[in-house]
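Working notes, beginning with the structure itself.
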Amino acid sequence: MRFGSPDYCKEYNMIDPKLLRSDLESVAEQLKVKRFDLDCDGFLALEAQRKTLQLEAESVQQERNAYSKSMGKLMGEAKAKGEDIEPLKLKGEQLKNDSAAADTALAAVQEQLDELVQGIPNLPHPSVPAGNDEDDNVELRTWGTPSKWDFAVKDHVDLGADLGQLDFDRAAKITGSRFSQMRGGLASLHRALTQFMLNTHIHEHGYEEVYVPYIVNRESLFGTGQLPKFEEDLFKLEDERGLYLIPTAEVPVTNIYRNEIVEELPIKFVAHTPCFRSEAGSYGRDTRGMIRQHQFEKVEMVQFVHPDKSWDALDELVGHAEAILQKLNLPYRTVMLCGGDLGFSSAKTYDIEVWLPSQDKYREISSCSNFGDFQARRMKARYRNEQGKPELLHTINGSGLAVGRTLLAVMENYQREDGSIEVPEVLRPLMNGVTTIQP
RNA sequence: GGUGGGAUGGCAGAGCGGUUGAAUGCACCAGUCUUGAAAACUGGCUUAGGUUAAUAGCCUAACUAGGGUUCGAAUCCCUAUCCCACCGCCA
């Protein structure tokens, strides 16, 4: 759980504290791209206190250790001479109290320092453009051409309802809003998409499939950065152990190597899991259909890579996600997120957005990020460098893809005038040759 | 859910409350020997934090985790987690 001593260093530092001490101005400058205002004066003041107090605490501790070590001998001598050993103990007691006082003072400052440092997001990569929100994201490329329809296109909600295979009302009855229930061909199509994505990543992109828990502990959520800042986005179990439903496979998969030194890099994992998100704070947004659900399926790619290779690996991983859309022949575009839209832990993120004819625009279907050593530092996930020394590795991940949204995109882009849906070529072998979803 | 037994360095495995960061073996690295290799011998071999120009020294911490007793804890006490065995229940 912890780096080093419980007294002197708290867990979950994120930005390298050494970097803050050596290059504070530069860090603050870089964080402006992310629209984060770093409290430099506050940091410097706390850091100065920390340094003084830590040196003090360690020196008292040193004295105490030396005294304790000599105690055995001193007591023996005292007893041999028939002297009282109480004064000897008293001095030890005094040292203990001094030490405890010094530790307490240090801990108080360290706590404030930790709080400050832990609230600092990851630094953005120099190539990340400044900007406030998604409107400032930069389109890098588009692929495919949105179809022209000579009839009025329906959205997936109407298509699904007309097919009698997608039912939000019954899902609401069973559970509540933001859930869906499917049946028949649509349910099969949904499953086939999952299977297709997994097969592609495993057999064409070199990923190893992993099966992981869908319920995780706090430490894992800290490791990937969902906690402590984003607790309200999670479903927490009413359980004294304090467990949570996973909001993404990223959490269990990335944490596979928490507190470990891995032998060989890179490691490429792909996992299919359900994802659970409370969507607190998104009331009224995307309430129609299955764009934003409390429960959805996702195929997630996670890579553990050498620090020198993470940027190349990210580009490659984006390509893996795009390949799925290309094989499904779904038009999309790839954008680079601006600083203001970047997630807390991410150094750089590419979003892939699929074309939705009903909305006449592109909507996010995958998000691919490089976290640098940010998550690795929280997780203590390391590898052995060329000198054989443990060093933080880099983590990257990306959806490949969000299955629910992919289904929706397939429905809308493959719809026919009669309301039936053509099954994309690549999915047919997985659906026993079925070519059309019909009522 | 019940009862018992465990958790020590990469692995195996010692460890009376006081030079134990931790015996020993294996593995690993370097050297000697050898034409080369093996064997044998010699030496090295955990990690984190702080200090520092330093991956040099020095200091602090760590024997699953958290708390307690003590001048002093791997060693004693409490709690949690995980593992093993048996019983009960069960997809």
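Residue numbering restarts at 1 for every chain, and letters A, B, ... go by the order of the sequence lines.
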Inter-nucleotide [atom1] distance ([N], [M]), Å rounded:
N	M	atom1	result
B:C77	B:A7	P	13 Å
B:G10	B:C28	P	16 Å
B:U51	B:G44	P	30 Å
B:A73	B:G68	C1'	11 Å
B:C63	B:C11	C1'	16 Å
B:U3	B:A65	C1'	24 Å
B:A27	B:C33	P	23 Å
B:G5	B:U79	P	14 Å

Below 4.0 angstrom, N of the basic side chain to O of the carboxylate: do [X] and [Y] qualify?
X	Y	value
A:D155	A:R288	yes
A:R292	A:E364	no
A:R363	A:D286	yes
A:E264	A:R384	no
A:R183	A:D167	no
A:E279	A:R178	no

Return no unless some side-chain N or O of [X] is found under 4.0 Å from OP1 or OP2 of [N].
X	N	answer
A:R64	B:G72	yes
A:R50	B:U51	yes
A:R218	B:A65	no
A:K89	B:U70	no
A:Q54	B:G49	no
A:K69	B:A73	no
A:N65	B:A61	yes

Can you identify which nucleotide, out of [options], has its nearest atom closest to the [X] side chain?
X	options	answer
A:E58	B:U52, B:U47, B:G49	B:G49
A:Q61	B:A61, B:G49, B:G72	B:A61
A:M71	B:G18, B:C59, B:U47	B:G18

For atom [atom1] of [X] and atom [atom2] of [N], their distance in whole Å:
X	N	atom1	atom2	result
A:L243	B:U81	CG	C1'	12 Å
A:F222	B:A65	CZ	P	19 Å
A:E391	B:U55	CD	C1'	11 Å
A:L95	B:U60	CG	P	14 Å
A:E260	B:U47	CD	P	16 Å
A:L55	B:C58	CG	C1'	12 Å
A:E219	B:C82	CD	C1'	13 Å
A:N259	B:U47	CG	C1'	12 Å

Verdict with reasoning, A:K268 to A:E316, per salt bridge (Lys or Arg N to Asp or Glu O under 4.0 Å): CA-CA 12 Å; A:K268 298 162 72 178; A:E316 190 185 290; 3.5 Å; yes
- request: Indicate, with yes or no, if the rings of A:F344 and A:F374 have centres closer together than 6.0 Å.
  value: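 They qualify: ring centres under 6.0 Å apart.
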Watson-Crick/G-U partner (both atom distances under 3.5 Å) of [N]:
N	answer
B:A40	B:U32
B:C26	B:G10
B:A65	B:U79
B:U3	B:A85
B:C58	B:G50
B:G21	none

query: Base, sugar-phosphate, or nothing: which does A:K389 touch, judged by heavy atoms less than 4.0 Å apart?
result: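 Sugar-phosphate only.
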Whichever of A:P390 and A:L90 has its nearest RNA chain B nucleotide further upstream toward 5':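 Mapping each residue to its closest nucleotide by heavy atoms, the 5'-most match is A:P390.
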- request: Report the residue (A:R384 or A:K51) whose heavy-atom-nearest nucleotide on RNA chain B is the more 5′ of the two.
  value: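 Result of the comparison: A:R384.
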